[in-house]
Each structure stands twice: as C-alpha cells, then as structure tokens.
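First up is the structure itself, then whatever we jot down about it.
Whatever order the structure lists ligands and atoms in, that order sets their numbers, starting from 1. Reckoned from all heavy atoms, side chains included, excluding hydrogens, waters and symmetry mates. Note that the structure is predicted; figures quoted are calculated from it, not measured.
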Amino acid sequence: MKRRNFVTRTALGSLSLLIGAEVVFADTMPKGYRPLAIQDPDPFKMFNKDKGMEVLNDKPWNIEAKAHLLDDKITPNSSMFIRNNGLIPENIDASTWTLTIDGESANESKTYSLAELKTKFRQYTYQLTLECGGNGRSEFDPPAKGNQWTVGAVSCANWTGIRLRDVLEDVGIKSDAVYIGYHAADVHLSRDPQKEPISRGAPMPKAMQDETLIAFKMNGKDIPLAHGYPLRLVAGGWPASVSGKWLTRISVRNIVHDGTKMTGTAYRVPCNPVAPGEKVKDEDMCIIESMPVKSLITYPKTGATIKEGKSLNIRGHAWAGELEVSKMEYSIDFGSTWSDCDLEQPTNRLAWQHFSANVDFPKKGYYEVWARAMDSQGISQPMLLPGWNPKGYLNNACHRIAIKVV
Ligand SMILES: Nc1nc2c(c(=O)[nH]1)N[C@H]1C(S)=C(S)[C@@H](COP(=O)(O)O)O[C@H]1N2
Ligand SMILES: [Mo]
C-alpha cells in the first residue's frame, strides 16, 4: 500500500530509480500507470499457495492455511503455512551452496558442498509434522503479540535428506556437546548483515534422532524457496522454529545454544503455570521441546450444512510431538459425551495420524463437532484453552466446526 502511494507521488523521471533501469518509453506510459516491476507481488502466485490461505503479514511473509485446506494426508506446498522471521534470501545458487559444521564441541570445522552431502551420506525420507509454537495464538486472552495464527500453522510433508547425526559423526563430536544451533541465509528485517533473524537449535539427543534430517527435498521435489531451498533442518514434533530454513551452518555447542530467539522469552513458556496476564521473569521461562497433543478436523469445512437423517463422515489428523496419538474422539454436545473415531497408525514416527468417524445428528438444528486426541501417555487436549502464557504458545485446544442439519 505504502509503495503505491509513493509511486503516484513520484515524478515519472524517478521511476527508473525505483525500477533500477531507465524506463525507455516513459513518456508514452499511460498517466497513473504502475509499471509491473513495482506492483505489489501476489503472494499466492509468488509462493504457489491456495487462494484460500490467509496472509497474516507481508514483511516478513507469514501465511497460514485453513483447516479444510489441510485435508491431504501429505501436505502439498499449496497449503503449507509460511512462517518467516526475516527476508527470504535472494539469488540462491545451489551449485555453490555449502554447509559448515563448527562450534566448541566439534572436533574440527568442516564444510560440505550440497553435492557432497547428497552423495557422501545415505538418504532417508520421513513424513514429519511441523507446527509453529505460536499456532492458535489468536485465542489467548489477554492477547499475545505476534502473528495471530488460528489453526493453520501446521504441516506434514514428506522430507528427504540425510541424517544430521551422520554428518555430525563424520565431523566428530566432543563429549561435552550439549546442543546444536543452526545459522541460515535469510536476511534480518533491518538488512543489517550482523543480525540474524533467527538461530535456534535442539539438545544433542534430538539432533541425533533417526528422523532429524538435513533435507533437500520436500514431497519429492526441490524444497520450495519459501520453505528453505536449497537446504533445511527438519526436526519433526518440536516447535517448527527448530527446523532452520536456508541452512548454511550448524554449530555444535558446549552450552545451550544462545542464538537469536533462543534466549529471553522467545519460544519459551512459564516453567510453572501462571494466571492469565501475570508477569513472568525470564529465568522462570523454559524452552519448548516436544509439542503437545493436538488434532484438526479437515473435512467438512466449518459451516457445512447436511440433510436431516444423513450421517456425516468427518476426517482429519492428530499428532502429539514426540509421542503417538493413542485415542481420538468427537463430541456433538459441547463435550458432554464423546464417541470414538477410527484412528490410523502414523506412516513413521513424528508423522501425523489420520482419523475419521461417521457422525449422526438426532434432529434438525445447529451443532458443533469437537475433536479431541489423547497421547500415548494418557494426556488429552483441553476442551477450550490450555494454560495462558505471555507469548501465546502451545494452544492445543480442541478443534471445533459448526454444522447445520436442515
Ligand atoms: N532460517 C529460518 N528458518 C526458520 C524460520 C525463519 O524465519 N528463518 N522460521 C522458523 C519458524 S518460527 C517456523 S514455525 C518454521 C516454518 O516453516 P515453514 O515456513 O516451512 O512452514 O520455520 C522455522 N525456520
Ligand atoms: Mo514458528
């Protein structure tokens, strides 16, 4: 918007300055015309996203899905949420891209080309659930600052790459290693090259898991630019902020990684529950690790209408961080009674699980279908809101859809 006003206030002569080249036929350009080169980009075209996605922010780009757009068992790029903390790197050349492993607890600093990573190490494919720690933030009260995600900041695509563990073992890790921290090629909003938009990581046991990948493919193709082309870390089941996009370096640390958004209150919740709105000291905030149990009804779309006497087939996905989902239920009476859904096994650890159920309604009228998952340790989703926290993380309340029987 700002840009548009700026252009109309700009004399034709300085257009070339904005475009970066002389507008040769500037004098024949229709009055008030906005050259294509400086039109606001269409994010749906630019990122190949479904038009039903919601743009929450354009600087940086943050775009979320709607529940019904996540109906596929394997999330396609077209409905995968985008969460950026900075600016997407420009002019990426995969042929010269490298990954460096370094840090106090690495035996040496070693740099690999992309081609080397692909040929030297065995490749694996896993379907992995990536949910933003702030998914569901919009429901908290008092509200938390940040992108107001509703339910659509979650995905479960197939990722192909090499095991982080294999690369770390190739470099050699000292016995005092406690954490890995990633560094990436995206640009801080200030464009200050000294600042990183985000540099998070994970403790060694998570880094060494079979499913923790340095990935170069998503759903069998090059990773889309917005999702980390040409190389990204993927650590399913943990806040997706651990899965660094546009990966250039991994440091093996002898302390808990202290990069941007690892410290202070970022991606942390109170170690002990607090009252809504309560101030929490930094030292009383704990780093989020495995994500809590959660589920999403992806069919039908909320607001659907069905004919009296017909049963409704609902379906969706459920996930539980490092754990499996052991039980899936639905309710049509605001949580008073619950019935079982059919629940499938995950394709692999850390992939979401599909559920379905045939729902019958007693008579005409307005209903809500609520869905509730339970993890393998017997913990269920809260019906409405879980514990309030200052930054609005980990809202794993039951998903609810409205249904009219006519
Ligand atoms: N380099 C880099 N990696 C990043 C981010 C980022 O801004 N820069 N955002 C993180 C956050 S907070 C999330 S939730 C996920 C989102 O992944 P997606 O955009 O591929 O869905 O990427 C993570 N990895
Ligand atoms: Mo995130």
Side-chain angles (χ1 to χ4, degrees), residues 43 46-50 53-57 59-65 69-70 75-90 92 97 99 128-138 144-149 151-159 161 180-189 195-202 212-219 221-250 257 259-262 265-269 287-288 291 391-395:
M46 191 161 62
F47 300 125
N48 265 313
K49 297 294 172 189
D50 190 292
M53 303 270 290
E54 191 84 41
V55 177
L56 302 184
N57 192 355
K59 269 194 196 77
W61 287 109
N62 281 280
I63 302 179
E64 82 163 324
L69 295 177
L70 291 168
T75 311
N77 174 60
S78 59
S79 48
M80 179 178 283
F81 78 100
I82 298 177
R83 196 290 185 248
N84 290 337
N85 290 267
L87 306 169
I88 296 175
E90 283 163 22
I92 291 170
W97 194 272
L99 173 70
L128 298 166
T129 308
L130 295 183
E131 181 180 16
C132 180
N135 196 21
R137 173 178 292 137
S138 65
K145 284 204 200 93
N147 290 295
Q148 295 300 303
W149 305 105
V151 296
V154 60
S155 68
C156 196
N158 273 323
W159 294 94
I180 61 101
Y182 68 73
H183 299 277
D186 48 345
V187 178
H188 193 269
L189 287 176
K195 290 187 181 159
E196 294 181 286
I198 188 167
S199 168
R200 303 199 69 243
T212 300
L213 298 179
I214 297 173
F216 36 76
K217 281 194 163 155
M218 185 183 107
N219 296 337
K221 295 191 190 134
D222 281 348
I223 300 173
L225 176 63
H227 297 291
Y229 178 80
L231 202 62
R232 104 175 271 182
L233 190 63
V234 192
W238 283 41
S241 51
V242 176
S243 296
K245 306 192 273 191
W246 312 292
L247 187 65
T248 55
R249 184 156 68 91
I250 290 178
H257 182 55
T260 308
K261 305 218 166 175
M262 274 305 301
T265 57
Y267 301 101
R268 290 180 188 228
V269 289
I287 299 173
I288 301 167
M291 292 292 284
K391 302 279 274 191
Y393 296 122
L394 306 186
N395 178 1

Worksheet entry | Residues that His257 engages under ring-ring contact (aromatic ring centres under 6.0 Å, His included), provided they are two or more places apart | His183

Filter the ligand 1-protein atom pairs down to N or O on both sides and distance under 3.5 Å, then list them.
{"unit_1": "ligand 1", "atom_1": "1 (N)", "unit_2": "Asp186", "atom_2": "OD1", "d": "3.2"}
{"unit_1": "ligand 1", "atom_1": "1 (N)", "unit_2": "Asp186", "atom_2": "OD2", "d": "3.3"}
{"unit_1": "ligand 1", "atom_1": "1 (N)", "unit_2": "Lys245", "atom_2": "O", "d": "3.0"}
{"unit_1": "ligand 1", "atom_1": "3 (N)", "unit_2": "Lys245", "atom_2": "N", "d": "2.9"}
{"unit_1": "ligand 1", "atom_1": "7 (O)", "unit_2": "Asn85", "atom_2": "N", "d": "2.7"}
{"unit_1": "ligand 1", "atom_1": "7 (O)", "unit_2": "Asn85", "atom_2": "ND2", "d": "2.9"}
{"unit_1": "ligand 1", "atom_1": "8 (N)", "unit_2": "Asp186", "atom_2": "OD2", "d": "2.6"}
{"unit_1": "ligand 1", "atom_1": "9 (N)", "unit_2": "Arg83", "atom_2": "O", "d": "3.3"}
{"unit_1": "ligand 1", "atom_1": "9 (N)", "unit_2": "Asn85", "atom_2": "ND2", "d": "3.2"}
{"unit_1": "ligand 1", "atom_1": "17 (O)", "unit_2": "Arg232", "atom_2": "NH2", "d": "3.2"}
{"unit_1": "ligand 1", "atom_1": "19 (O)", "unit_2": "Arg83", "atom_2": "N", "d": "3.0"}
{"unit_1": "ligand 1", "atom_1": "19 (O)", "unit_2": "Lys245", "atom_2": "NZ", "d": "2.6"}
{"unit_1": "ligand 1", "atom_1": "20 (O)", "unit_2": "His227", "atom_2": "ND1", "d": "2.7"}
{"unit_1": "ligand 1", "atom_1": "20 (O)", "unit_2": "Arg232", "atom_2": "NH1", "d": "2.7"}
{"unit_1": "ligand 1", "atom_1": "21 (O)", "unit_2": "Phe81", "atom_2": "O", "d": "2.6"}
{"unit_1": "ligand 1", "atom_1": "22 (O)", "unit_2": "Arg232", "atom_2": "NH2", "d": "3.4"}
{"unit_1": "ligand 1", "atom_1": "24 (N)", "unit_2": "Ser243", "atom_2": "O", "d": "3.0"}

Worksheet, complete the sentence: side-chain hydrogen bond (donor to acceptor under 3.5 Å, both in side chains) test vs Asn85 passes for just one of Lys261, Arg200, Glu196, His188, namely Lys261

Fill in: All salt bridge (charged side-chain N to carboxylate O under 4.0 Å, His left out) counterparts of Glu64, not counting sequence neighbours
none

Worksheet item: Do Asn84 and Lys245 have side chains that get closer than 4.5 Å, going by heavy atoms?
Response: yes

Worksheet item: Which is it for Asn62 and Phe81 under the side-chain contact (heavy atoms from CB on, under 4.5 Å) test, yes or no, and what are the steps along the way?
Response: CA-CA 8 Å; Asn62 281 280; Phe81 78 100; over 6 Å; no

Practice prompt. Report the residues that fulfil side chain to side chain contact (heavy atoms under 4.5 Å, CB included) with Pro43, sequence neighbours left out, ordered by chain and then residue number.
Written response: Phe47, Val55, Trp61, Ile63

